[in-house]
Amino acid sequence: MEYLFDCWASIEYTLGRWKRVGVLPKILLLMDYDGTLTPIVDRPELAVLSDDVRDVLKQTSKRYPTAIISGRSLKDIKNMVKVKEIYYAGNHGFEISGPEIELIKDEAKLAKPVILKICNELQEKLSHMNGAIVENKGLTASVHYRLVSKNDFPELKKVFEELTKPYLERGDIKITSGKKVFEIRPNVDWDKGRAVLWIMNALNIKDGLAIYMGDDKTDEDAFLALKNKGITILISERTKKSNAKYFLRDVSDVKAFLGRLISLS
Ligand SMILES: [Mg+2]
């Protein structure tokens with residue numbers, strides 16, 4: 001993995017080539033939200049988008065189709081970003097919406113009652129634990145434990161594993177994990193990678209150049225899906241094992257990169 005700005009000359013050349021052949025709208029810009037456009041914070045509601053990043057997004061979305069792919073619910077992510085021209089994928093891509101495209105995975109909708117039931121059970125069993133946040137996002141759910149003490153964590157993990165086990169065994173759900181979070185999803189073959197390819201298809205830019213930025217495990221599916229046909233960028237202070245080709249260090253790097261994309265066009 002290479003630091004993207006160290007390779008800027010060759011990236012600029014690639015982007016410029018797309019531009020010179022007159023296919024600039026075939027560049028698609030995709031990115032995650034938490035940890036990519038905002039720093040990681042203690043509670044999800046505190047990850048507020050700064051005005052200057054919002055301005056940059058407004059400008060990129062005028063030049064390139066721009067999409068945000070998040071684990072948050074569609075409603076939540078739209079509300080955090082508040083830029084009309086952007087395509088949004090919520091719940092890791094189970095629901096997608098934007099100018100002239102719309103998707104809700106029906107198979108995922110069927111799991112809603114199960115997700116609700118698990119959330120209620122988790123809430124009850126974890127209500128005494130300081131810092132545990134159970135978030136029902138409709139089609140998926142998250143258990144955030146960033147604020148849970150080291151001493152309490154083993155109990156949280158045990159409760160989570162015991163409670164989700166029967167649902168897992170019945171094939172109702174899948175479990176994934178991210179930065180200080182466990183995720184419960186419907187057992188449907190769909191992820192950020194599939195969502196990205198679906199968006200490219202829906203926008204008729206299947207053969208275009210996709211640029212994807214993300215910071216967490218769920219973004220690896222998108223990096224993999226775009227291997228050899230995109231510019232994939234992990235947001236991380238350090239290089240680590242990833243399917244991404246490049247890395248950027250933090251939100252201010254992301255902002256600077258978006259700025260460079262704007263001045264290209
Ligand atoms: Mg993230």
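Start at 1 and go down the list; that is how both ligands and their atoms are numbered.
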Q: Quick one: does NZ or CZ of R72 land under 6.0 Å from the six-membered ring centre of Y33, within 45 degrees of the ring axis?
A: no
Q: Pull up every protein N/O/S atom sitting under 2.8 Å from the Mg ion (ligand 1), skipping waters.
A: D32 OD2, D34 O, D215 OD1
Q: Quick one: side chains of residues 47-54, donor-acceptor pairs under 3.5 Å with protein atoms, not counting sequence neighbours, listed by atom name and distance.
A:
{"from": "S50", "atom 1": "OG", "to": "D52", "atom 2": "OD1", "distance (Å)": "2.7"}
{"from": "S50", "atom 1": "OG", "to": "V53", "atom 2": "N", "distance (Å)": "3.3"}
{"from": "D51", "atom 1": "OD1", "to": "R54", "atom 2": "NH1", "distance (Å)": "3.2"}
{"from": "D52", "atom 1": "OD2", "to": "K255", "atom 2": "NZ", "distance (Å)": "2.7"}
{"from": "R54", "atom 1": "NE", "to": "V81", "atom 2": "O", "distance (Å)": "2.7"}
{"from": "R54", "atom 1": "NH2", "to": "M80", "atom 2": "O", "distance (Å)": "3.1"}

Q: List the residues meeting ring-ring contact (aromatic ring centres under 6.0 Å, His included) with Y145, not counting sequence neighbours, and say none if there are none.
A: F153, F182
Q: Taking the cut-offs as 6.0 angstrom to the six-membered ring centre and 45 degrees off its axis, would you call R238 and F247 a cation-pi pair?
A: no
Q: Return the set of residues passing side chain to side chain contact (heavy atoms under 4.5 Å, CB included) with A141 (not counting sequence neighbours), or none when no residue passes.
A: I115, C119, I184
Q: Any carboxylate oxygen within less than 4.0 angstrom of a Lys/Arg side-chain nitrogen, looking at D215 and K179?
A: yes
